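Quick note on labels: first sequence line is chain A, next is B, and so on, each numbered from 1. The structure displayed is predicted, hence computed values, not measured ones. Side chains included, hydrogens not; waters and symmetry mates left out as well; all remaining heavy atoms used.
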Amino acid sequence: MHSLDYRANALLIFSVTALAFICAIPSFSDKFSNQNPSAEIQILNINRFKKQSYGNDEVSLTLDITADLQSLFTWNTKQVFAFVAAEYETPKNSLNQVSLWDVIIPDKEHAKFRIQTSNKYRFIDQGHNLRGKEFNLTLHWHVMPKTGKMFADKIVMPGYSLPDAYK
Amino acid sequence: MDWQGQKVVEQLMQILLVISGVVAVVVGYATESFRAMMLIYAGGVVLATLVTVPNWPFYNHHPLKWLDQSEAEKHPKPQVVAKKRFSKK
(Lines give C-alpha, C1' and ligand atoms only; values in the text may rest on other atoms or scores of the structure.)
Protein backbone atom coordinates (compact mmCIF):
# COMPACT_ATOMS: atom_id res chain seq x y z
CA MET A 1 0.00 0.00 0.00
CA HIS A 2 2.84 2.30 -0.73
CA SER A 3 1.31 4.40 -3.47
CA LEU A 4 -1.97 5.16 -5.14
CA ASP A 5 -1.19 2.87 -8.06
CA TYR A 6 -0.43 0.02 -5.70
CA ARG A 7 -3.69 0.44 -3.80
CA ALA A 8 -5.71 0.85 -6.98
CA ASN A 9 -4.23 -2.33 -8.40
CA ALA A 10 -4.84 -4.28 -5.20
CA LEU A 11 -8.45 -3.14 -5.13
CA LEU A 12 -8.99 -4.04 -8.77
CA ILE A 13 -7.67 -7.57 -8.38
CA PHE A 14 -9.57 -8.20 -5.17
CA SER A 15 -12.84 -6.86 -6.55
CA VAL A 16 -12.63 -8.95 -9.72
CA THR A 17 -11.85 -12.09 -7.72
CA ALA A 18 -14.79 -11.37 -5.44
CA LEU A 19 -16.94 -10.88 -8.54
CA ALA A 20 -16.04 -14.40 -9.67
CA PHE A 21 -17.32 -15.78 -6.37
CA ILE A 22 -20.43 -13.63 -6.55
CA CYS A 23 -21.26 -15.02 -9.99
CA ALA A 24 -20.67 -18.61 -8.90
CA ILE A 25 -23.43 -18.39 -6.31
CA PRO A 26 -26.46 -17.85 -8.59
CA SER A 27 -25.09 -20.50 -10.92
CA PHE A 28 -24.93 -22.90 -7.97
CA SER A 29 -28.38 -22.00 -6.72
CA ASP A 30 -29.87 -23.08 -10.06
CA LYS A 31 -29.24 -26.67 -9.09
CA PHE A 32 -31.94 -26.44 -6.45
CA SER A 33 -34.70 -25.04 -8.65
CA ASN A 34 -37.76 -27.22 -9.31
CA GLN A 35 -38.36 -27.67 -12.98
CA ASN A 36 -41.43 -29.24 -14.52
CA PRO A 37 -41.84 -28.18 -18.12
CA SER A 38 -44.59 -29.64 -20.26
CA ALA A 39 -45.41 -29.73 -23.93
CA GLU A 40 -47.80 -31.19 -26.46
CA ILE A 41 -47.65 -31.21 -30.23
CA GLN A 42 -50.35 -32.06 -32.72
CA ILE A 43 -49.97 -32.37 -36.45
CA LEU A 44 -52.87 -30.45 -37.90
CA ASN A 45 -52.22 -31.16 -41.53
CA ILE A 46 -49.72 -32.60 -43.93
CA ASN A 47 -49.59 -29.92 -46.57
CA ARG A 48 -47.23 -31.49 -49.10
CA PHE A 49 -45.40 -34.76 -49.32
CA LYS A 50 -43.36 -35.25 -52.43
CA LYS A 51 -40.13 -36.43 -53.86
CA GLN A 52 -37.78 -33.66 -54.97
CA SER A 53 -36.28 -33.58 -58.42
CA TYR A 54 -32.97 -34.89 -57.07
CA GLY A 55 -34.50 -37.81 -55.25
CA ASN A 56 -34.98 -36.72 -51.63
CA ASP A 57 -38.34 -36.78 -49.87
CA GLU A 58 -39.76 -33.52 -48.61
CA VAL A 59 -42.65 -32.95 -46.22
CA SER A 60 -44.45 -29.77 -45.29
CA LEU A 61 -46.53 -29.93 -42.10
CA THR A 62 -48.72 -27.65 -40.04
CA LEU A 63 -48.02 -28.10 -36.34
CA ASP A 64 -49.95 -27.08 -33.25
CA ILE A 65 -47.42 -26.64 -30.46
CA THR A 66 -48.45 -26.09 -26.84
CA ALA A 67 -45.74 -25.65 -24.22
CA ASP A 68 -45.24 -24.41 -20.68
CA LEU A 69 -41.58 -23.75 -20.02
CA GLN A 70 -42.09 -21.17 -17.28
CA SER A 71 -40.56 -23.29 -14.53
CA LEU A 72 -37.22 -23.29 -16.35
CA PHE A 73 -36.72 -19.57 -15.66
CA THR A 74 -34.73 -18.52 -12.57
CA TRP A 75 -33.14 -15.19 -11.63
CA ASN A 76 -30.02 -16.44 -13.37
CA THR A 77 -31.69 -17.24 -16.71
CA LYS A 78 -30.98 -15.05 -19.68
CA GLN A 79 -33.06 -16.88 -22.28
CA VAL A 80 -34.31 -20.29 -23.28
CA PHE A 81 -33.79 -21.62 -26.79
CA ALA A 82 -36.37 -24.24 -27.73
CA PHE A 83 -36.76 -26.24 -30.91
CA VAL A 84 -38.90 -29.04 -32.26
CA ALA A 85 -37.16 -31.86 -34.09
CA ALA A 86 -38.56 -34.82 -36.00
CA GLU A 87 -36.62 -37.95 -35.14
CA TYR A 88 -36.74 -41.21 -37.04
CA GLU A 89 -34.66 -44.13 -38.18
CA THR A 90 -33.67 -45.10 -41.73
CA PRO A 91 -31.58 -47.94 -43.12
CA LYS A 92 -28.81 -45.47 -43.82
CA ASN A 93 -28.82 -43.59 -40.45
CA SER A 94 -29.77 -44.99 -37.06
CA LEU A 95 -30.99 -41.54 -36.03
CA ASN A 96 -32.17 -38.70 -38.18
CA GLN A 97 -32.99 -35.40 -36.45
CA VAL A 98 -34.58 -32.70 -38.53
CA SER A 99 -35.24 -29.36 -36.88
CA LEU A 100 -38.68 -28.10 -37.85
CA TRP A 101 -39.22 -25.01 -35.73
CA ASP A 102 -37.41 -23.00 -33.07
CA VAL A 103 -37.90 -20.00 -30.83
CA ILE A 104 -35.88 -17.84 -28.47
CA ILE A 105 -37.80 -17.19 -25.25
CA PRO A 106 -36.45 -14.08 -23.54
CA ASP A 107 -38.44 -14.18 -20.29
CA LYS A 108 -40.92 -16.07 -18.18
CA GLU A 109 -44.01 -14.34 -19.58
CA HIS A 110 -43.30 -15.65 -23.09
CA ALA A 111 -42.56 -19.17 -21.90
CA LYS A 112 -46.14 -20.42 -21.87
CA PHE A 113 -47.52 -20.43 -25.37
CA ARG A 114 -49.58 -22.13 -28.02
CA ILE A 115 -48.70 -21.66 -31.65
CA GLN A 116 -50.02 -23.06 -34.91
CA THR A 117 -47.51 -22.85 -37.69
CA SER A 118 -46.15 -24.61 -40.70
CA ASN A 119 -42.63 -25.89 -40.24
CA LYS A 120 -40.08 -23.08 -40.18
CA TYR A 121 -37.34 -25.20 -41.65
CA ARG A 122 -37.70 -27.69 -44.45
CA PHE A 123 -38.20 -31.33 -43.59
CA ILE A 124 -36.07 -33.10 -46.16
CA ASP A 125 -34.86 -36.67 -45.88
CA GLN A 126 -31.54 -38.05 -47.03
CA GLY A 127 -33.13 -40.34 -49.54
CA HIS A 128 -36.72 -41.42 -50.01
CA ASN A 129 -37.56 -43.26 -46.82
CA LEU A 130 -40.43 -41.22 -45.51
CA ARG A 131 -43.45 -42.99 -46.91
CA GLY A 132 -45.32 -44.57 -44.02
CA LYS A 133 -42.51 -43.56 -41.66
CA GLU A 134 -43.16 -43.43 -37.93
CA PHE A 135 -41.36 -40.64 -36.13
CA ASN A 136 -41.06 -38.82 -32.81
CA LEU A 137 -41.48 -35.13 -32.35
CA THR A 138 -39.11 -33.96 -29.65
CA LEU A 139 -39.14 -30.56 -27.99
CA HIS A 140 -35.57 -29.71 -27.01
CA TRP A 141 -34.61 -26.72 -24.91
CA HIS A 142 -31.34 -25.05 -23.95
CA VAL A 143 -31.41 -22.89 -20.84
CA MET A 144 -28.83 -20.13 -21.22
CA PRO A 145 -27.84 -18.62 -17.87
CA LYS A 146 -26.54 -15.17 -17.10
CA THR A 147 -23.55 -16.80 -15.41
CA GLY A 148 -22.58 -20.45 -15.37
CA LYS A 149 -23.12 -23.55 -17.42
CA MET A 150 -25.81 -23.96 -20.05
CA PHE A 151 -27.86 -27.10 -19.76
CA ALA A 152 -30.24 -28.78 -22.15
CA ASP A 153 -33.07 -31.26 -21.86
CA LYS A 154 -35.99 -32.52 -23.92
CA ILE A 155 -39.45 -34.07 -24.03
CA VAL A 156 -39.89 -36.92 -26.50
CA MET A 157 -43.35 -37.37 -27.99
CA PRO A 158 -43.61 -40.57 -29.99
CA GLY A 159 -46.32 -41.89 -32.21
CA TYR A 160 -46.50 -39.67 -35.28
CA SER A 161 -46.43 -41.07 -38.78
CA LEU A 162 -46.45 -40.00 -42.40
CA PRO A 163 -48.82 -41.29 -45.05
CA ASP A 164 -47.92 -44.27 -47.20
CA ALA A 165 -48.10 -42.39 -50.48
CA TYR A 166 -47.03 -39.03 -51.82
CA LYS A 167 -49.55 -36.22 -51.89
CA MET B 1 0.65 7.27 4.01
CA ASP B 2 2.24 5.92 7.18
CA TRP B 3 2.61 2.29 8.19
CA GLN B 4 -0.42 2.26 10.43
CA GLY B 5 -2.48 3.84 7.67
CA GLN B 6 -1.35 1.22 5.16
CA LYS B 7 -2.45 -1.61 7.41
CA VAL B 8 -5.81 0.02 8.07
CA VAL B 9 -6.44 0.76 4.42
CA GLU B 10 -5.72 -2.80 3.32
CA GLN B 11 -8.09 -4.29 5.88
CA LEU B 12 -10.72 -1.69 5.12
CA MET B 13 -10.64 -2.46 1.41
CA GLN B 14 -11.06 -6.19 1.94
CA ILE B 15 -13.83 -5.79 4.49
CA LEU B 16 -15.77 -3.30 2.36
CA LEU B 17 -15.61 -5.48 -0.73
CA VAL B 18 -16.55 -8.69 1.07
CA ILE B 19 -19.49 -7.06 2.84
CA SER B 20 -20.80 -5.42 -0.31
CA GLY B 21 -20.47 -8.78 -2.08
CA VAL B 22 -22.43 -10.62 0.60
CA VAL B 23 -25.15 -7.96 0.72
CA ALA B 24 -25.35 -8.01 -3.08
CA VAL B 25 -25.88 -11.77 -3.25
CA VAL B 26 -28.43 -11.83 -0.45
CA VAL B 27 -30.49 -8.95 -1.86
CA GLY B 28 -30.27 -10.35 -5.38
CA TYR B 29 -31.40 -13.80 -4.29
CA ALA B 30 -34.26 -12.42 -2.19
CA THR B 31 -35.57 -10.14 -4.92
CA GLU B 32 -34.79 -12.62 -7.73
CA SER B 33 -33.01 -9.82 -9.51
CA PHE B 34 -29.59 -10.41 -11.02
CA ARG B 35 -29.44 -6.74 -11.89
CA ALA B 36 -29.88 -5.71 -8.24
CA MET B 37 -26.99 -7.91 -7.23
CA MET B 38 -24.69 -6.39 -9.83
CA LEU B 39 -25.69 -2.80 -9.02
CA ILE B 40 -25.19 -3.23 -5.27
CA TYR B 41 -21.79 -4.80 -5.79
CA ALA B 42 -20.76 -2.07 -8.25
CA GLY B 43 -21.79 0.53 -5.67
CA GLY B 44 -19.69 -1.28 -3.08
CA VAL B 45 -16.66 -1.25 -5.38
CA VAL B 46 -17.03 2.49 -5.98
CA LEU B 47 -17.36 3.11 -2.23
CA ALA B 48 -14.28 1.02 -1.46
CA THR B 49 -12.34 2.90 -4.13
CA LEU B 50 -13.27 6.29 -2.73
CA VAL B 51 -12.40 5.28 0.82
CA THR B 52 -9.15 3.38 0.36
CA VAL B 53 -7.36 4.53 -2.79
CA PRO B 54 -6.81 8.27 -2.22
CA ASN B 55 -4.34 9.28 0.46
CA TRP B 56 -6.79 10.71 2.99
CA PRO B 57 -5.36 12.65 5.97
CA PHE B 58 -6.75 10.26 8.57
CA TYR B 59 -4.36 7.60 7.31
CA ASN B 60 -1.48 9.81 8.39
CA HIS B 61 -2.13 10.12 12.14
CA HIS B 62 0.96 8.11 13.06
CA PRO B 63 3.63 9.74 10.97
CA LEU B 64 7.17 8.43 10.91
CA LYS B 65 9.51 10.23 13.26
CA TRP B 66 12.47 11.23 11.17
CA LEU B 67 15.73 11.93 12.94
CA ASP B 68 16.32 15.56 13.97
CA GLN B 69 18.96 17.47 11.95
CA SER B 70 21.08 18.25 15.06
CA GLU B 71 21.10 14.57 16.10
CA ALA B 72 22.11 13.46 12.65
CA GLU B 73 25.22 15.55 12.66
CA LYS B 74 26.43 13.86 15.87
CA HIS B 75 26.52 10.45 14.17
CA PRO B 76 28.54 10.46 10.98
CA LYS B 77 27.34 8.51 7.96
CA PRO B 78 29.18 5.27 7.28
CA GLN B 79 31.89 5.60 4.62
CA VAL B 80 31.83 3.52 1.42
CA VAL B 81 35.05 1.46 1.23
CA ALA B 82 36.42 1.14 -2.30
CA LYS B 83 36.86 -2.54 -3.17
CA LYS B 84 40.05 -3.87 -4.71
CA ARG B 85 39.51 -5.44 -8.11
CA PHE B 86 40.71 -9.02 -8.46
CA SER B 87 42.45 -9.69 -11.75
CA LYS B 88 41.24 -12.75 -13.69
CA LYS B 89 43.60 -15.65 -14.10
Handout entry: chain B contact via A/Leu12 - side chain, backbone, both or neither, heavy atoms under 4.5 Å
Key =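 For A/Leu12, there is no contact with chain B at all, as no heavy atom is under 4.5 Å.
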Problem - A/His140 NE2: over 12 foreign heavy atoms closer than 6.0 Å - result: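 Atom NE2 in A/His140 is packed in, count exceeds 12.
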Exercise for the section: Taking atom NZ of A/Lys50 as the centre, report whether more than 12 heavy atoms of other residues, nucleotides or ligands fall under 6.0 Å from it. Expected result: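 For A/Lys50, atom NZ is crowded (more than 12 foreign heavy atoms under 6.0 Å).
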Practice task
Give a yes or no on whether A/Tyr121 atom OH has more than 12 heavy-atom contacts from other residues, nucleotides or ligands under 6.0 Å away.
Solution key: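 More than 12 within 6.0 Å, yes.
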Practice task
May I ask whether A/Leu139 and A/Leu137 are part of the same hydrophobic cluster, defined by side-chain heavy atoms of I, L, V, M, F, W, Y residues being less than 4.5 angstrom apart, directly or through others?
Solution key: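 Both belong to a single hydrophobic cluster.
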Handout entry: Members of residues 43-53 of chain B whose heavy atoms come closer than 4.5 Å to chain A
Key =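 If one takes a 4.5 Å heavy-atom cut-off, the residues of residues 43-53 of chain B near chain A are B/Val45, B/Ala48, B/Thr49, B/Thr52, B/Val53.
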Exercise for the section: Examine whether an atom of B/Tyr41 lies under 4.5 Å from a heavy atom of chain A, and if so say whether it belongs to the side chain, the backbone or both; otherwise answer neither. Expected result: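 The answer is the side chain of B/Tyr41.
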Exercise for the section: Spell out, yes or no, whether A/Tyr166 and A/Ile43 are grouped together once hydrophobic residues are joined by side-chain heavy atoms under 4.5 Å, including indirect joins. Expected result: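 Same cluster.
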Handout entry: Connected via hydrophobic side-chain network under 4.5 Å: B/Ile15 and B/Val23
Key =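 Same cluster: B/Ile15 reaches B/Val23 through Ile, Leu, Val, Met, Phe, Trp or Tyr contacts under 4.5 Å.
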Handout entry: A/Thr74, part contacting chain B, at a heavy-atom distance under 4.5 Å
Key =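 Neither part.
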Would you list the atom pairs, donor with acceptor, under 3.5 Å between side chains in residues 143-158 of chain A and any protein atom, with sequence neighbours excluded?
unit_1   : atom_1 : unit_2  : atom_2 : d
A/Lys146 : NZ     : A/Trp75 : O      : 3.4
A/Thr147 : OG1    : A/Cys23 : O      : 3.0

Practice task
Tell me whether A/Phe113 is reachable from A/Leu100 by hopping between hydrophobic residues (I, L, V, M, F, W, Y) whose side-chain heavy atoms are closer than 4.5 Å.
Solution key: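 The answer is yes; both residues are in one hydrophobic cluster.
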Problem - Which atom of B/Met38 lies closest to which atom of A/Leu19, heavy atoms considered - result: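 Heavy atoms of B/Met38 and A/Leu19 come nearest at CE-CD1, 4.0 Å.
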Exercise for the section: Please round to the nearest 0.5 Å and tell me the distance separating atom CD of B/Glu32 and atom CZ of A/Phe73. Expected result: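 If I round to the nearest 0.5 Å, the distance is 13.0 Å.
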Exercise for the section: Pick one of side chain, backbone, both or neither for A/Ile25, based on which atoms fall under 4.5 Å of a heavy atom in chain B. Expected result: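 The side chain, not the backbone.
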Problem - Neighbour count above 12 (heavy atom, 6.0 Å) for A/Gln126 CD - result: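 Counting other residues, nucleotides and ligands, CD of A/Gln126 stays at 12 neighbours or fewer.
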